[in-house]
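Notes follow once the structure below has been shown.
Just so you know, ligand 1 is whichever comes first in the structure, and atom 1 is the first atom listed for that ligand. Just so it is clear, the structure is predicted and the values come from calculations on it, not from any experiment.
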Amino acid sequence: MDLPIDIDSVKGFMPANEGEALYQAALREASNGPVLEVGTYCGKSAVYLGTACKACGQVLFALDHHRGSEENQPGWEHHDPETWDADAGAMDTLPFLRRTLRSAELERSVVPIIGDSATVAKHWATPLAMLFIDGGHSTEAAHLDFDIWTPHVMPGGLLAIHDVFPNPEDGGRPPYEIYLKALESKKYVEEAMEGSLRLLRRDG
Ligand code: SAH
Ligand code: MG
C-alpha cells in the first residue's frame, strides 16, 4: 500500500493496520460500485478508502456533519481543541478534511457529503459496493446508521464496522451490537477482522 500523504499527520482514529485492511477491502470491492463512509472526521479513513477508490476509477462518498460525535466534544476523552470553531461555538472538522483531501490529491475521488447521516440516508438511492460505518457511537446513532444505511449495500457487497469491542472494558458497546445485529439478520457473513474492524459480506 502506497499512501499519497504522511498518514500520521492526519488527525483521526484509525490505526495503521485497520486502515490497511480498509484499503485492501476497498481495492477489491470498488470495481463493483461506489463506497460510502459514515463518519469522516478529518479524513484519515477517507485517505485509505479514497486511495483505493481512485485506483479503481471509483469514488468514496465521505459523510459527516463535521460537528463531532459526543466523545469529540469539549470535556470528553476524544476532544481536540484545534477542531473548535469559536465563531460557531461548535466543532468544525471540515477545514481539516479539505486540507487532507487536497494534500492527498483525492479531491476528485472523495466526495464529501456534509450533513446529518439520517437526513442524507432518507434521500439516498445509489447501491453501494462497500459501506463503512464509523459515525456516532451512541446506542441511538449506531443502530440508526445500521438501519438506514445497510439496505443500500448491494447484494454481494461489503459492510465494514469500526470500533467493535466484544469486551466492554475495551470500549463502548453500540458498534458491537450492530455487528451482532448484522450476523443475526442472516444477511451477512463475517469475512475478516483486523483490530476493532469487522468486514461482513452481504449475501442476502
Ligand atoms: N473515520 C474517521 C473517524 C470518525 S469519528 C477517521 O478515520 O478518523 C466519528 C465522526 O462521526 C465524527 O466526525 C462526527 O462528526 C460524525 N458523526 C456523528 N454523528 C453523525 C451524524 N448523525 N451525521 C453525520 N456525521 C456524524
Ligand atoms: Mg472509529
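At most 12 non-hydrogen atoms from other residues, nucleotides or ligands lie less than 6.0 angstrom from NZ of Lys187.
Taking the Mg ion (ligand 2) as the corner point, the angle from Asp134 atom OD1 to Asp163 atom OD2 is about 90° (rounded to 10 degrees).
With hydrogens left out, the protein atom closest to atom 9 (C) of ligand 1 is Asp134 O, 3.3 Å, a heavy atom. Atom 6 (C) of ligand 1 has as its closest protein heavy atom Ser45 OG, 3.6 Å. Ranking protein heavy atoms by distance to atom 23 (N) of ligand 1, first place goes to Ser117 N, 2.8 Å. Looking only at heavy atoms of the protein, atom 15 (O) of ligand 1 is closest to Asp64 OD1, 2.7 Å. For atom 20 (C) of ligand 1, the nearest protein heavy atom (residue, atom name, distance) is His65 NE2, 3.2 Å. When only non-hydrogen protein atoms are considered, atom 22 (N) of ligand 1 lies nearest to Asp116 OD1, 2.9 Å. Among all protein heavy atoms, the one lying closest to atom 18 (C) of ligand 1 is Ser69 OG, 3.2 Å.
Every heavy atom of Thr93 sits 4.0 Å or more from the atoms of ligand 1. At a 4.0 Å cut-off, not a single heavy atom of Ala141 sits close enough to ligand 1 to count as contact. Using a 4.0 Å cutoff on heavy atoms, Gly115 counts as a contact of ligand 1.
Counting the atoms of ligand 1 from 1 in the order shown, those under 4.0 Å from a heavy atom of Met14 are 7 (O). If you number the atoms of ligand 1 from 1 as listed, the ones under 4.0 Å from a heavy atom of Gly39 come out as 1 (N), 2 (C), 4 (C), 10 (C), 11 (O). Shown in contact with Gly136 at under 4.0 Å from a heavy atom are these atoms of ligand 1, numbered in order with element: 18 (C), 19 (N). Heavy-atom proximity to Gly12, at under 4.0 Å, picks out these atoms of ligand 1: 8 (O). The distance from ligand 1 to the heavy atoms of Thr40 drops below 4.0 Å at these ligand atoms: 2 (C).
Cluster membership for Leu144 and Ile161, using ILVMFWY side-chain heavy atoms within less than 4.5 angstrom, is shared. Cluster membership for Tyr23 and Leu197, using ILVMFWY side-chain heavy atoms within less than 4.5 angstrom, is shared. If you chain together hydrophobic residues whose side chains sit under 4.5 Å apart, Ile178 and Val164 fall into the same group.
Polar contact check, Gly68 against ligand 1: a nitrogen or oxygen pair lies under 3.5 Å apart. The distance criterion of under 3.5 Å between nitrogen or oxygen atoms is met by Phe13 with respect to ligand 1.
Among the atoms of His162, an N, O or S atom falls under 2.8 Å from the Mg ion (ligand 2).
Between Glu190 and Arg201 there is no salt bridge, since no side-chain nitrogen of the basic residue lies less than 4.0 Å from a carboxylate oxygen of the acidic one. Between Glu107 and Lys54, none of the side-chain N atoms (NZ, or NE/NH1/NH2) sits under 4.0 Å from a carboxylate O, so this pair counts as no salt bridge. Ion pairing of Lys186 with Asp203 is absent here, as no side-chain N (NZ or NE/NH1/NH2) approaches a carboxylate O to less than 4.0 Å.
Neither side chain, Thr139 nor Glu177, offers a donor N or O lying under 3.5 Å from an acceptor on the other.
Between Trp149 and Val120, the closest side-chain pair of non-hydrogen atoms falls below 4.5 Å. Counting heavy atoms from C-beta outward, Asn32 and Met154 have side chains that approach closer than 4.5 Å.
Remark: aromatic rings of Trp76 and His79 are distant, center separation not under 6.0 Å.
Between the side chain of Arg202 and the backbone N or O of Gly156 there is no donor-acceptor pair closer than 3.5 Å.
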